[in-house]
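Data block below; observations after.
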Amino acid sequence: MADETEGLPPRNDFSAWYNEVIRRAEIMDVRYPVKGLYVWYPFGFALRNHTYTLLRTLLNRDHEETLFPLLIPETEFMKEAEHIKGFEDEVYWVTHGGLSPLDVKLALRPTSETAIYPMYALWIRSHADLPLKLYQVVNTFRYETKHTRPLIRLREITSFMESHTVHATWDEANEQVEYELGLSQEFYRDLGVPIIISKRPDWDKFPGADFTMAVDAVMPDGRTLQIGTVHHLGDHFSRTFGITYEDVNGEQQFGSQTCYGISERCIAAVIGVHGDDKGLILPATVAPTQVVIIPVIVGKRGDEILAAVKDLEKELKAAGIRVKTDARDMRPGAKYYHWELHGVPLRVELGPRDLDNKQLVCVNRLGVKTVVPRDGAAESVKKLLDEAHDQILERAESHLESHLMTAVTPEECNEKLDGNVVVVHWCGCRECADKLEELTNSSLLGTEVRSQYVKNDEGTCIICGKPGTAALVGRSY
Ligand SMILES: Nc1ncnc2c1ncn2[C@@H]1O[C@H](COS(=O)(=O)NC(=O)[C@@H](N)CS)[C@@H](O)[C@H]1O
Ligand SMILES: [Zn+2]
């Protein structure tokens with residue numbers, strides 16, 4: 001598929017590196033003839049499926065999966081005023097069936113509130129029907145006008161996980177917001193991606209929501225990537241769509257709702273946060289191939305080595321490890337290059353000396369070499385895969401920590417914003433935020449900041465000097 005000889009651009013030229021690694025590591029093909037729509041290569045799709053299997057495992061603890069239609073009638077889509085305002089210039093419309101114009105035009109879902117909530121209104125009658133917690137993983141469509149980019153900003157979001165829950169009270173919905181934030185923390189820890197959670201300012205919340213909690217990653221260039229959002233919808237949508245239930249006293253009450261979204265940006269974060277100059281570095285939790293065995297054929301013992309490699313592969317497979325053997329007739333170095341580009345967490349070399357010494361030489365994707373006994377290979381490999389995960393998480397955490405700054409003046413903030421995220425204090429008023437954004441060409445990302453590297457403390461507003469609280473400022477994708 002892709003020519004493997006020339007190297008990748010250096011990672012500090014992140015945009016060029018990212019575009020090239022998406023192609024060379026066979027994640028997505030960007031040549032599809034519609035802007036913002038991309039094609040999954042099989043390797044990328046395998047990575048996507050392992051990632052979403054992990055996400056479904058976490059969601060299935062207290063949600064059920066379902067599937068709603070793609071097309072939303074204009075009559076439903078246009079019901080919630082805020083929602084329309086927020087999406088009217090992003091939504092695609094279907095106006096014809098064949099040659100005949102449709103009497104009601106149909107929206108391609110940009111997100112599915114207006115498809116799901118009319119059905120929730122039919123399903124929910126009594127408090128006994130609550131809480132209702134469903135999710136779906138679907139493609140959604142947004143006519144993005146900003147720069148589109150594979151996995152990061154698509155016009156067809158191919159892997160849009162959206163969870164929609166209904167509760168008896170505002171507080172119970174709020175507990176669900178906290179639950180989904182905890183789920184995000186676990187999901188991203190399993191991906192080795194450190195996150196910062198914050199409350200988006202009012203002008204940036206999801207259209208129709210009470211408030212939005214956002215999950216941000218910091219990419220190598222210091223720009224943030226919003227890799228998840230949890231919205232407390234209050235009863236805005238339940239009033240619009242008539243989602244009511246009979247409470248224990250026989251009274252009709254409006255439901256309180258949340259919705260939660262994660263797209264393939266989670267994969268962009270794995271690629272961006274972990275990679276290096278040689279290509280992808282994949283966490284073993286989602287790597288399509290976790291281990292590659294490289295037979296080192298020297299002299300006349302080729303058959304013996306290949307037989308030993310076959311046994312080893314069989315043993316690792318039987319232990320549930322996703323393993324491949326690369327017995328191609330090419331230089332070991334060229335093989336290493338290929339598997340490093342594809343981010344394989346662990347390489348196992350087996351040559352004549354290793355045969356005689358009944359050992360395996362294991363090298364993880366960060367280059368850490370360990371010699372282990374051939375006996376008990378599956379256990380040793382699983383342990384090395386866990387250690388490799390800890391190492392890439394530690395590497396990512398220290399990158400995040402070193403790219404989180406503080407500033408007390410707009411000038412200082414402006415200086416430090418290059419390649420970093422900055423924590424300031426902000427009084428909470430829009431004017432000061434606008435001023436800061438204008439002075440520093442950045443966005444005020446959020447308050448109530450939750451990260452082990454950020455003190456969510458009080459201070460004086462960076463613009464007006466009035467009492468303020470910690471706020472995250474950054475440039476985002
Ligand atoms: N054009 C896009 N391409 C890729 N991912 C996107 C795009 N637009 C949004 N996302 C991701 O999708 C997540 C959810 O989108 S959202 O608009 O914030 N929230 C919703 O749509 C809610 N209905 C929750 S499902 C965002 O946090 C962001 O990570
Ligand atoms: Zn202020």
Side-chain angles (χ1 to χ4, degrees), residues 28 35-38 59 63 68 80 82-83 86-87 90-92 109-117 134-165 177 180-181 184 187-188 195 197-198 200-201 204-209 211-217 224-233 236-237 257-269 410 424-437 439 444-447 459-469 471 476-477:
M28 279 194 138
K35 179 177 157 67
L37 273 60
Y38 309 105
L59 282 161
H63 293 69
F68 280 80
E80 215 289 329
E82 285 278 298
H83 194 70
F87 279 103
E90 284 191 19
V91 66
Y92 284 88
R109 60 186 166 214
T111 172
S112 301
E113 282 74 11
T114 56
I116 295 175
Y117 298 169
L134 305 182
Y135 74 93
Q136 63 178 5
V137 180
V138 291
N139 57 346
T140 54
F141 294 82
R142 298 189 183 192
Y143 186 66
E144 296 279 358
T145 45
K146 280 167 77 175
H147 181 50
T148 51
R149 197 189 293 260
L151 300 175
I152 289 179
R153 187 175 293 278
L154 310 98
R155 286 187 166 176
E156 175 177 1
I157 306 170
T158 69
S159 312
F160 190 75
M161 186 296 292
E162 48 179 326
S163 141
H164 297 269
T165 69
V177 168
E180 314 282 31
L181 289 172
S184 305
F187 177 57
Y188 283 112
I195 57 174
I197 290 173
S198 68
R200 285 286 187 260
D204 245 353
K205 69 185 180 189
F206 180 70
F211 65 86
T212 286
M213 296 303 290
V215 178
D216 287 315
T224 61
L225 180 67
Q226 179 179 285
I227 51 176
T229 29
V230 189
H231 313 287
H232 193 308
L233 304 179
H236 302 284
F237 284 88
Q257 296 179 261
T258 79
C259 63
Y260 169 40
I262 290 184
S263 75
E264 49 259 57
R265 282 189 181 177
C266 63
I267 297 173
V424 303
H425 291 105
W426 172 51
C427 63
C429 76
R430 177 93 201 236
E431 296 69 29
C432 290
D434 288 349
K435 192 113 190 65
L436 181 63
E437 290 184 354
L439 287 171
L444 193 135
L445 295 170
T447 54
T460 55
C461 178
I462 189 168
I463 298 291
C464 71
K466 287 200 195 95
T469 59
S476 336
Y477 277 96

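Each ligand, and each atom within it, is numbered from 1 in the order the structure gives.
- Side-chain contact, S112 with Q136: a donor N or O sits under 3.5 Å from an acceptor N or O.
- Nearest to atom 2 (C) of ligand 1 among the protein's heavy atoms is I157 CD1, 3.6 Å.
- Every atom of ligand 1 with a heavy atom of Q226 under 4.0 Å away is listed here by number and element: 18 (O), 26 (C), 27 (O), 28 (C), 29 (O).
- Using a cut-off of 4.0 Å between Lys/Arg side-chain N and Asp/Glu carboxylate O, R265 and D216 are scored as not salt-bridged.
- When each atom of ligand 1 is checked for a heavy atom of E113 under 4.0 Å away, the hits are 22 (C), 23 (N).
- Remark: among candidates F206, F87, F160, Y135, the nearest residue to atom 12 (O) of ligand 1 is F160, based on non-hydrogen atoms.
- Counting only heavy atoms of the protein, atom 13 (C) of ligand 1 lies nearest to T229 OG1, 3.7 Å.
- The N/O atoms of H164, backbone and side chain alike, include none that comes under 3.5 Å of an N/O atom in ligand 1.
- Using a 4.0 Å cut-off between heavy atoms, R265 contacts ligand 1 through its side chain alone, with no backbone atom that close.
- Across all their heavy atoms, P110 and T140 have their closest contact at O-CB, 3.5 Å.
- If you check the side chains of T469 and T447, you find no donor sitting under 3.5 Å from an acceptor.
- Here C461 contributes SG and C464 contributes SG, and at the Zn ion (ligand 2) these two atoms make an angle of 100°, given to 10°.
- Heavy-atom contacts of E144 reach the following atoms of ligand 1: 1 (N), 2 (C), 8 (N) (cutoff under 4.0 Å).
- Not a single heavy atom of T212 sits closer than 4.0 Å to an atom of ligand 1.
- Geometrically, ligand 1 and Y260 share no nitrogen or oxygen pair separated by less than 3.5 Å.
- Between L151 and A268, the shortest heavy-atom contact is CB-CB, 3.8 Å.
- Of all non-hydrogen atoms in Q226 and A214, the two that sit nearest each other are OE1-CB, 4.2 Å.
- Between R155 and E144, none of the side-chain N atoms (NZ, or NE/NH1/NH2) sits under 4.0 Å from a carboxylate O, so this pair counts as no salt bridge.
- The part of H231 lying near ligand 1 is the side chain, judged by heavy-atom distances below 4.0 Å.
- Here the two rings, on Y117 and H164, have centers that are under 6.0 Å apart.
- Below 4.0 Å from some heavy atom of C259 lie the following atoms of ligand 1, by number and element: 22 (C), 23 (N), 24 (C).
- Rounding to the nearest 0.5 Å gives a distance of 12.0 Å between OH of Y260 and OG1 of T165.
- With Y477 as the aromatic partner, R149 does not meet the cation-pi criteria of under 6.0 angstrom to the ring centre and within 45 degrees of the ring axis.
- Expressed to the nearest 10°, the angle at the Zn ion (ligand 2) joining SG in C427 with SG in C432 is 110°.
- Contact annotation: for T111 versus ligand 1, heavy atoms closer than 4.0 Å belong to the side chain alone.
- H63 and S163 share a donor-acceptor pair across their side chains, judged by distance under 3.5 Å alone.
- For ligand 1, the polar-atom distance check against S263 finds a nitrogen or oxygen pair separated by under 3.5 Å.
- Of the N or O atoms in L154, one or more lie within a sub-3.5 Å distance of an N or O in ligand 1.
- Closest heavy-atom approach to atom 21 (O) of ligand 1 among the candidates R155, R142, E162, E156: R142.
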